[in-house]
Q: 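The structure follows.
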Amino acid sequence: MKNDILKYLRDKEYISGEVLAKKLGVSRVAIWKQIQRLKDIGYKIIADQNLGYYLISRPDLLLPQEIQNGLSTAYIGQKIYYFPELGSTNIIAKEKALRREEGVNEGTVIIAERQSAGKGRLGRKWFSPEGGIWLSIILYPQLSPSYISLITLMTAVVVVKAIKRYTQIKAQIKWPNDILINNKKVCGILTEMSAELDMINWIVIGIGINANIDYREFPEDIKKSSISLKEILGKEISRVRLVQIFLKEFERYYELLKRWEISLILKEWKLYSHTLGKKIKVNIGEKVVTGEAIDINEKGALILKKKDGELIEIISGTII
Ligand code: BTN
């Protein structure tokens with residue numbers, strides 16, 4: 001009912017409790033209770049005895065009703081689980097995907113205002129205070145596990161495009177999935193999956209964007225290497241708007257990927273790449289390889305040209 005009330009309140013005009021009650025087929029007391037709930041979560045609503053209710057402002061929260069208002073996707077983000085605070089959205093998403101909870105369909109999103117145990121790659125912690133965008137998307141693609149790298153690359157492309165569309169800022173992708181602005185990390189992506197030999201059971205893609213974070217907040221160890229959109233723009237952004245743009249683009253690119261139309265994804269990845277053309281060292285688990293990053297292939301692997309001219313394909317690793 002909260003959503004229905006908000007629809008009527010959005011018109012920037014007073015609306016009386018009586019009219020609202022009639023429109024929604026409930027009592028005036030029921031309306032009053034819902035208005036109190038909206039106020040509790042940060043909506044500023046005034047109530048005039050004669051004129052009725054008036055919405056002054058919405059909270060800057062990533063509330064499902066705010067994100068879904070005007071979100072024209074078919075399935076990505078059509079179901080959102082929202083938490084003011086959570087350990088990690090990836091952990092909750094994995095639990096839900098594993099149990100295949102009812103209603104947890106492809107495209108379900110878990111969002112938290114802050115995470116107390118945000119997860120980064122390679123077992124690292126992810127700094128997740130209020131003001132950032134911390135979300136995970138659950139997918140059940142009927143694809144082979146070898147697609148996992150491509151899905152991560154695709155997500156990185158979509159983040160760059162969403163940031164560009166909303167802020168005009170050109171971010172870059174450091175292979176495999178760090179998003180950089182001015183050589184500093186503004187977003188990280190953590191993809192986790194469960195799969196059989198030839199089929200993915202579920203994928204959880206966790207995206208962390210340093211949106212409205214003050215640079216003074218970053219802990220010492222990541223202060224030099226991190227940046228936020230607020231810091232670059234000198235003002236806060238509408239996180240709701242950025243999430244909407246991101247989810248819409250995500251669905252478009254994910255549909256392309258499912259149809260194996262990956263040329264656009266690869267082309268854009270190369271266009272935004274911070275890595276190609278550079279001499280790099282990559283930790284691939286058991287050893288470190290050095291060479292020039294010259295290409296990315298259709299599996300999402302990085303092609304490295306060693307000093308002796310040998311080309312090697314790296315499907316997963318970390319640039320050091
Ligand atoms: C990285 O190390 O670069 C990946 C960071 C991924 C962080 C996001 S925030 C939302 C989601 N939930 C988590 O616990 N981690 C990911």
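On a predicted model such as this, the values are computed, not experimentally measured, just so you know. Numbering of ligands and ligand atoms starts at 1, following listing order.
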Q: Salt-bridged, K119 to E192, with N to O below 4.0 Å?
A: yes
Q: Excluding sequence neighbours, so at least two apart, what forms side chain to side chain donor-acceptor pair (under 3.5 Å) with N283?
A: none
Q: Whether the side chain of D178 engages the backbone of G188 through a donor-acceptor N/O pair (distance < 3.5 Å, no angle test) should be reported.
A: no
Q: Has S273 got a side-chain atom pairing as donor or acceptor with L271's backbone, closer than 3.5 angstrom?
A: no
Q: Please lay out, stage by stage, how R114 and E85 fare under the test salt bridge (charged side-chain N to carboxylate O under 4.0 Å, His left out).
A: CA-CA 5 Å; R114 60 181 173 277; E85 172 153 5; 2.9 Å; yes
Q: Identify all pairs of nitrogen or oxygen atoms, one from ligand 1 and one from the protein, separated by less than 3.5 Å, and list them with distances.
A:
residue	atom	partner	partner atom	Å
ligand 1	2 (O)	R121	N	2.6
ligand 1	3 (O)	K185	NZ	2.6
ligand 1	12 (N)	T89	OG1	2.9
ligand 1	12 (N)	Q115	OE1	3.0
ligand 1	14 (O)	S88	OG	2.7
ligand 1	14 (O)	Q115	OE1	3.4
ligand 1	14 (O)	K119	N	2.7
ligand 1	15 (N)	K119	O	2.8

Q: Should the pair K96 and Y81 be classed as cation-pi, given the thresholds of under 6.0 Å to the six-membered ring centre and 45° from the axis?
A: yes
